[in-house]
There are 2 protein chains.
Amino acid sequence: MDVLNGKWKIAIISSICYYNKRRFSDILNDVVGISNKMLSKELKELEINKLVKRTVLNTQPITVQYELTPHGLTLQTIISNLTEWGIAHRKEIVGE
Amino acid sequence: MDVLNGKWKIAIISSICYYNKRRFSDILNDVVGISNKMLSKELKELEINKLVKRTVLNTQPITVQYELTPHGLTLQTIISNLTEWGIAHRKEIVGE
DNA sequence: CAGTATCCAAAGGGATACTG
DNA sequence: CAGTATCCCTTTGGATACTG
(Lines give C-alpha, C1' and ligand atoms only; values in the text may rest on other atoms or scores of the structure.)
Protein backbone atom coordinates (compact mmCIF):
# COMPACT_ATOMS: atom_id res chain seq x y z
CA MET A 1 0.00 0.00 0.00
CA ASP A 2 2.97 2.21 0.42
CA VAL A 3 3.41 4.24 -2.66
CA LEU A 4 4.34 6.86 -0.11
CA ASN A 5 7.48 5.18 1.13
CA GLY A 6 10.68 7.06 1.48
CA LYS A 7 10.45 9.69 4.12
CA TRP A 8 10.26 12.52 1.61
CA LYS A 9 7.22 11.65 -0.49
CA ILE A 10 4.65 13.43 1.61
CA ALA A 11 6.78 16.51 2.01
CA ILE A 12 7.34 16.66 -1.73
CA ILE A 13 3.67 16.25 -2.52
CA SER A 14 2.80 18.89 0.03
CA SER A 15 5.23 21.30 -1.53
CA ILE A 16 3.88 20.80 -5.02
CA CYS A 17 0.33 20.86 -3.79
CA TYR A 18 0.78 24.09 -1.88
CA TYR A 19 2.23 25.96 -4.84
CA ASN A 20 0.19 24.10 -7.44
CA LYS A 21 3.13 24.09 -9.84
CA ARG A 22 6.68 23.90 -8.64
CA ARG A 23 10.14 23.71 -10.14
CA PHE A 24 12.79 21.18 -9.23
CA SER A 25 15.08 23.55 -7.39
CA ASP A 26 12.17 25.12 -5.57
CA ILE A 27 11.09 21.79 -4.18
CA LEU A 28 14.70 21.23 -3.27
CA ASN A 29 14.47 24.33 -1.09
CA ASP A 30 11.04 23.58 0.32
CA VAL A 31 11.89 20.14 1.53
CA VAL A 32 14.66 20.86 3.97
CA GLY A 33 17.35 18.24 4.19
CA ILE A 34 16.67 16.45 0.94
CA SER A 35 19.47 15.98 -1.56
CA ASN A 36 19.06 16.44 -5.29
CA LYS A 37 19.69 12.76 -5.76
CA MET A 38 16.82 11.82 -3.49
CA LEU A 39 14.48 14.41 -4.92
CA SER A 40 15.19 13.17 -8.41
CA LYS A 41 14.57 9.59 -7.41
CA GLU A 42 11.40 10.27 -5.44
CA LEU A 43 9.92 12.44 -8.18
CA LYS A 44 10.61 9.71 -10.68
CA GLU A 45 8.71 7.24 -8.54
CA LEU A 46 5.83 9.63 -8.09
CA GLU A 47 5.72 10.14 -11.82
CA ILE A 48 5.66 6.40 -12.46
CA ASN A 49 2.76 6.12 -10.06
CA LYS A 50 1.02 8.89 -11.95
CA LEU A 51 0.77 11.14 -8.95
CA VAL A 52 2.75 14.00 -10.42
CA LYS A 53 3.12 15.30 -13.94
CA ARG A 54 6.47 16.47 -15.21
CA THR A 55 6.70 19.13 -17.89
CA VAL A 56 9.88 20.53 -19.38
CA LEU A 57 9.71 24.19 -20.22
CA ASN A 58 11.89 25.33 -23.08
CA THR A 59 13.52 28.20 -21.29
CA GLN A 60 17.24 28.81 -21.22
CA PRO A 61 18.47 27.12 -19.14
CA ILE A 62 15.65 24.67 -19.06
CA THR A 63 13.33 24.45 -16.10
CA VAL A 64 11.03 21.62 -15.18
CA GLN A 65 7.70 21.99 -13.56
CA TYR A 66 5.95 19.45 -11.45
CA GLU A 67 2.29 19.41 -10.61
CA LEU A 68 -0.12 16.91 -9.13
CA THR A 69 -2.23 14.84 -11.46
CA PRO A 70 -5.95 14.54 -10.75
CA HIS A 71 -5.13 11.18 -9.29
CA GLY A 72 -2.42 12.75 -7.14
CA LEU A 73 -4.90 15.27 -5.83
CA THR A 74 -6.89 12.32 -4.56
CA LEU A 75 -4.24 11.92 -1.92
CA GLN A 76 -5.00 15.24 -0.30
CA THR A 77 -7.70 13.80 1.89
CA ILE A 78 -5.52 10.94 3.01
CA ILE A 79 -2.63 13.22 3.79
CA SER A 80 -4.68 15.68 5.77
CA ASN A 81 -6.20 12.79 7.71
CA LEU A 82 -2.75 11.50 8.44
CA THR A 83 -1.58 14.91 9.52
CA GLU A 84 -4.57 15.35 11.75
CA TRP A 85 -4.01 11.98 13.33
CA GLY A 86 -0.35 12.76 13.77
CA ILE A 87 -1.17 15.86 15.76
CA ALA A 88 -3.61 13.99 17.96
CA HIS A 89 -1.00 11.30 18.39
CA ARG A 90 1.61 13.75 19.60
CA LYS A 91 -0.77 15.00 22.23
CA GLU A 92 -1.46 11.45 23.30
CA ILE A 93 2.21 10.64 23.67
CA VAL A 94 3.66 13.76 25.21
CA GLY A 95 0.51 14.40 27.20
CA GLU A 96 1.54 11.78 29.71
CA MET B 1 4.33 11.54 11.00
CA ASP B 2 5.38 8.03 10.37
CA VAL B 3 4.77 6.02 13.45
CA LEU B 4 3.82 3.44 10.88
CA ASN B 5 7.26 3.00 9.36
CA GLY B 6 8.73 -0.38 8.81
CA LYS B 7 6.82 -2.29 6.21
CA TRP B 8 5.18 -4.55 8.77
CA LYS B 9 3.37 -2.15 11.08
CA ILE B 10 0.09 -2.02 9.22
CA ALA B 11 -0.01 -5.76 8.70
CA ILE B 12 0.63 -6.32 12.40
CA ILE B 13 -2.05 -3.89 13.46
CA SER B 14 -4.48 -5.44 11.03
CA SER B 15 -3.81 -8.87 12.43
CA ILE B 16 -4.35 -7.78 16.01
CA CYS B 17 -7.35 -5.71 15.06
CA TYR B 18 -9.01 -8.54 13.17
CA TYR B 19 -8.70 -10.99 16.03
CA ASN B 20 -9.10 -8.41 18.74
CA LYS B 21 -6.54 -10.19 20.92
CA ARG B 22 -3.65 -12.05 19.44
CA ARG B 23 -0.61 -13.96 20.66
CA PHE B 24 2.94 -13.42 19.51
CA SER B 25 3.28 -16.62 17.53
CA ASP B 26 -0.12 -16.15 15.96
CA ILE B 27 0.83 -12.76 14.62
CA LEU B 28 4.03 -14.38 13.41
CA ASN B 29 1.90 -16.68 11.31
CA ASP B 30 -0.55 -14.03 10.16
CA VAL B 31 2.06 -11.70 8.84
CA VAL B 32 3.71 -13.81 6.20
CA GLY B 33 7.38 -13.22 5.73
CA ILE B 34 8.12 -11.47 8.99
CA SER B 35 10.84 -12.81 11.25
CA ASN B 36 10.50 -13.08 15.01
CA LYS B 37 13.19 -10.47 15.38
CA MET B 38 11.25 -7.96 13.32
CA LEU B 39 7.95 -8.76 14.96
CA SER B 40 9.49 -8.27 18.36
CA LYS B 41 11.01 -4.98 17.36
CA GLU B 42 7.91 -3.62 15.68
CA LEU B 43 5.64 -4.63 18.54
CA LYS B 44 7.97 -2.88 20.94
CA GLU B 45 7.72 0.30 18.92
CA LEU B 46 3.95 0.05 18.72
CA GLU B 47 3.84 -0.41 22.45
CA ILE B 48 6.02 2.63 23.05
CA ASN B 49 3.67 4.62 20.88
CA LYS B 50 0.77 3.33 22.94
CA LEU B 51 -0.96 1.75 20.00
CA VAL B 52 -0.91 -1.77 21.38
CA LYS B 53 -1.12 -3.17 24.86
CA ARG B 54 1.00 -6.12 25.90
CA THR B 55 -0.16 -8.49 28.59
CA VAL B 56 1.67 -11.53 29.86
CA LEU B 57 -0.55 -14.46 30.76
CA ASN B 58 0.76 -16.74 33.44
CA THR B 59 0.29 -19.96 31.57
CA GLN B 60 2.94 -22.63 31.23
CA PRO B 61 4.78 -21.90 29.04
CA ILE B 62 3.91 -18.24 29.16
CA THR B 63 1.96 -16.62 26.37
CA VAL B 64 1.70 -12.96 25.60
CA GLN B 65 -1.35 -11.27 24.24
CA TYR B 66 -1.43 -8.11 22.23
CA GLU B 67 -4.43 -5.91 21.69
CA LEU B 68 -5.02 -2.44 20.36
CA THR B 69 -5.35 0.42 22.81
CA PRO B 70 -8.23 2.85 22.41
CA HIS B 71 -5.72 5.13 20.80
CA GLY B 72 -4.61 2.35 18.50
CA LEU B 73 -8.17 1.80 17.42
CA THR B 74 -8.15 5.39 16.26
CA LEU B 75 -5.98 4.24 13.42
CA GLN B 76 -8.66 2.02 11.95
CA THR B 77 -10.20 4.83 9.97
CA ILE B 78 -6.86 5.92 8.60
CA ILE B 79 -5.90 2.42 7.63
CA SER B 80 -9.17 1.64 5.92
CA ASN B 81 -8.90 4.92 4.04
CA LEU B 82 -5.41 4.00 2.96
CA THR B 83 -6.55 0.56 1.90
CA GLU B 84 -9.41 2.00 -0.06
CA TRP B 85 -7.14 4.47 -1.77
CA GLY B 86 -4.65 1.72 -2.48
CA ILE B 87 -7.28 -0.29 -4.30
CA ALA B 88 -8.35 2.68 -6.36
CA HIS B 89 -4.70 3.37 -7.07
CA ARG B 90 -4.11 -0.11 -8.40
CA LYS B 91 -6.97 0.29 -10.80
CA GLU B 92 -5.55 3.61 -11.92
CA ILE B 93 -2.13 2.13 -12.59
CA VAL B 94 -2.87 -1.21 -14.12
CA GLY B 95 -5.98 0.09 -15.82
CA GLU B 96 -3.88 1.76 -18.45
C1' DC C 1 18.81 24.50 -14.08
C1' DA C 2 17.88 19.69 -13.72
C1' DG C 3 19.50 16.06 -13.18
C1' DT C 4 23.17 11.64 -13.29
C1' DA C 5 27.28 9.12 -11.45
C1' DT C 6 30.24 7.56 -7.95
C1' DC C 7 31.69 6.60 -3.45
C1' DC C 8 30.79 5.19 0.98
C1' DA C 9 28.84 5.02 5.82
C1' DA C 10 24.87 3.74 8.30
C1' DA C 11 20.59 1.51 8.82
C1' DG C 12 17.44 -2.32 7.64
C1' DG C 13 16.38 -6.74 7.97
C1' DG C 14 16.83 -12.09 7.08
C1' DA C 15 18.68 -16.66 9.07
C1' DT C 16 19.95 -19.01 12.70
C1' DA C 17 20.92 -20.21 17.32
C1' DC C 18 20.16 -19.52 22.01
C1' DT C 19 17.60 -18.41 26.80
C1' DG C 20 14.06 -18.17 30.68
C1' DC D 1 6.21 -19.71 23.94
C1' DA D 2 8.23 -15.30 23.57
C1' DG D 3 11.62 -13.29 22.86
C1' DT D 4 17.20 -11.88 22.56
C1' DA D 5 21.81 -12.16 20.36
C1' DT D 6 24.85 -12.59 16.55
C1' DC D 7 26.27 -12.65 11.93
C1' DC D 8 26.16 -10.67 7.63
C1' DC D 9 24.30 -9.21 3.36
C1' DT D 10 21.36 -5.65 1.21
C1' DT D 11 19.33 -1.27 0.84
C1' DT D 12 19.17 3.57 1.88
C1' DG D 13 20.69 7.84 1.48
C1' DG D 14 24.21 11.76 2.20
C1' DA D 15 28.26 14.35 -0.05
C1' DT D 16 30.39 15.57 -3.87
C1' DA D 17 31.47 16.12 -8.57
C1' DC D 18 30.07 16.10 -13.18
C1' DT D 19 26.99 16.74 -17.76
C1' DG D 20 23.63 18.65 -21.34
Side-chain angles (χ1 to χ4, degrees), chain A residues 1-69 72, chain B residues 1-69 72:
Chain A
M1 236 26 104
D2 296 35
V3 177
L4 301 177
N5 51 10
K7 51 181 173 180
W8 305 110
K9 291 272 186 352
I10 291 182
I12 293 171
I13 292 174
S14 301
S15 165
I16 299 175
C17 186
Y18 183 78
Y19 292 101
N20 218 2
K21 293 171 192 287
R22 202 71 174 148
R23 291 180 311 147
F24 186 88
S25 54
D26 290 332
I27 303 175
L28 205 53
N29 286 325
D30 294 341
V31 182
V32 288
I34 198 172
S35 63
N36 52 352
K37 173 180 149 188
M38 272 302 102
L39 180 54
S40 172
K41 186 191 134 209
E42 303 269 66
L43 280 172
K44 209 173 288 176
E45 291 176 18
L46 290 173
E47 200 190 344
I48 289 171
N49 282 305
K50 297 179 186 169
L51 299 175
V52 304
K53 185 174 148 217
R54 176 179 181 274
T55 39
V56 181
L57 281 56
N58 63 345
T59 50
Q60 193 47 247
I62 62 166
T63 55
V64 180
Q65 264 190 353
Y66 291 91
E67 57 193 311
L68 293 186
T69 62
Chain B
M1 235 27 102
D2 296 35
V3 177
L4 301 177
N5 51 10
K7 50 181 171 178
W8 307 109
K9 292 271 185 355
I10 292 183
I12 293 171
I13 292 175
S14 300
S15 164
I16 299 175
C17 186
Y18 183 77
Y19 292 101
N20 218 4
K21 294 170 191 287
R22 202 69 173 149
R23 291 180 312 147
F24 187 88
S25 52
D26 290 333
I27 303 174
L28 205 52
N29 286 325
D30 294 342
V31 182
V32 288
I34 198 172
S35 63
N36 51 353
K37 174 179 148 189
M38 273 300 103
L39 180 55
S40 171
K41 187 191 134 208
E42 303 269 66
L43 280 171
K44 210 173 287 174
E45 291 176 18
L46 290 172
E47 200 190 344
I48 288 171
N49 281 307
K50 297 179 187 170
L51 299 175
V52 304
K53 185 175 148 215
R54 176 179 181 275
T55 41
V56 180
L57 281 58
N58 63 345
T59 50
Q60 193 47 248
I62 61 166
T63 55
V64 180
Q65 264 191 351
Y66 291 90
E67 56 192 313
L68 292 187
T69 62

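Naming convention: chains lettered A, B, ... in sequence-line order (proteins, then strands); numbering from 1 in each chain.
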In Å, rounded to the nearest 0.5 Å, how long is the span from [atom1] of [X] to [atom2] of [Y]?
| X | Y | atom1 | atom2 | value |
| --- | --- | --- | --- | --- |
| A/Met38 | A/Ile12 | CE | CD1 | 9.5 Å |
| A/Ile27 | A/Ile16 | CD1 | CD1 | 4.0 Å |
| A/Lys53 | A/Glu47 | NZ | CD | 11.0 Å |
| B/Leu68 | B/Lys21 | CG | NZ | 10.5 Å |

- prompt: Can you list, by residue number, the residues of residues 52-66 of chain B that have a non-hydrogen atom closer than 4.0 angstrom to DNA chain D?
  reply: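 DNA chain D contact set from residues 52-66 of chain B: B/Arg54, B/Pro61, B/Ile62, B/Thr63, B/Val64, B/Tyr66.
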task: Would you jot down, in residue-number order, the residues of residues 9-22 of chain B having a non-hydrogen atom under 4.0 Å from DNA chain D?
output: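 Going residue by residue through residues 9-22 of chain B, none turns out to have a heavy atom under 4.0 Å of DNA chain D.
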Whole angstroms only, please: what is the [atom1]-[atom2] distance between [X] and [N]?
| X | N | atom1 | atom2 | result |
| --- | --- | --- | --- | --- |
| B/Lys44 | D/dG3 | NZ | P | 8 Å |
| A/Arg23 | C/dG3 | CZ | C1' | 14 Å |
| B/Asn5 | D/dT11 | CG | C1' | 16 Å |
| A/Leu39 | C/dC1 | CG | C1' | 13 Å |
| B/Leu28 | D/dA2 | CG | P | 9 Å |

message: If a pair means Watson-Crick or G-U wobble with both distances below 3.5 Å, what does DNA chain D look like in dot-bracket form, with | marking bases paired to a different strand?
response: ||||||||||||||||||||
Polar side-chain atom of [X] near backbone of [Y] as donor-acceptor pair, under 3.5 Å:
| X | Y | value |
| --- | --- | --- |
| A/Ser15 | A/Ala11 | no |
| A/Thr69 | A/Lys50 | yes |
| A/Ser40 | A/Asn36 | no |

field: Those residues that, when tested against B/Lys9, pass salt bridge (charged side-chain N to carboxylate O under 4.0 Å, His left out) (two or more places apart)
entry: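 B/Lys9 satisfies salt bridge (charged side-chain N to carboxylate O under 4.0 Å, His left out) with B/Glu42, B/Glu45 once adjacent residues are dropped.
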task: Please identify each residue that fulfils salt bridge (charged side-chain N to carboxylate O under 4.0 Å, His left out) with B/Arg23, with sequence neighbours left out.
output: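 Partners of B/Arg23 under the salt bridge (charged side-chain N to carboxylate O under 4.0 Å, His left out) test: B/Asp26.
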task: Begin from the C-alpha positions of B/Val31 and B/Leu39 and carry the test side-chain contact (heavy atoms from CB on, under 4.5 Å) through to its verdict.
output: CA-CA 9 Å; B/Val31 182; B/Leu39 180 55; 5.8 Å; no
- prompt: Looking at A/Phe24 and A/Leu43, what are the two nearest heavy atoms and their distance?
  reply: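 Residues A/Phe24 and A/Leu43, closest heavy atoms: CD1-CD1, 3.9 Å.
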- line: Per-nt protein contacts along nucleotides 7-18 of chain C (heavy atom under 4.0 Å; B base, S backbone sugar-phosphate only, - none) come out as B-----BBBBB-
task: Show your working on side-chain contact (heavy atoms from CB on, under 4.5 Å) between B/Leu46 and B/Tyr66 and close with a plain yes or no.
output: CA-CA 10 Å; B/Leu46 290 172; B/Tyr66 291 90; over 6 Å; no
message: Within the structure provided, determine whether A/Arg54 and A/Val52 are in side-chain contact (heavy-atom separation under 4.5 Å).
response: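 They are not in contact (no side-chain heavy atoms under 4.5 Å apart), so the answer is no.
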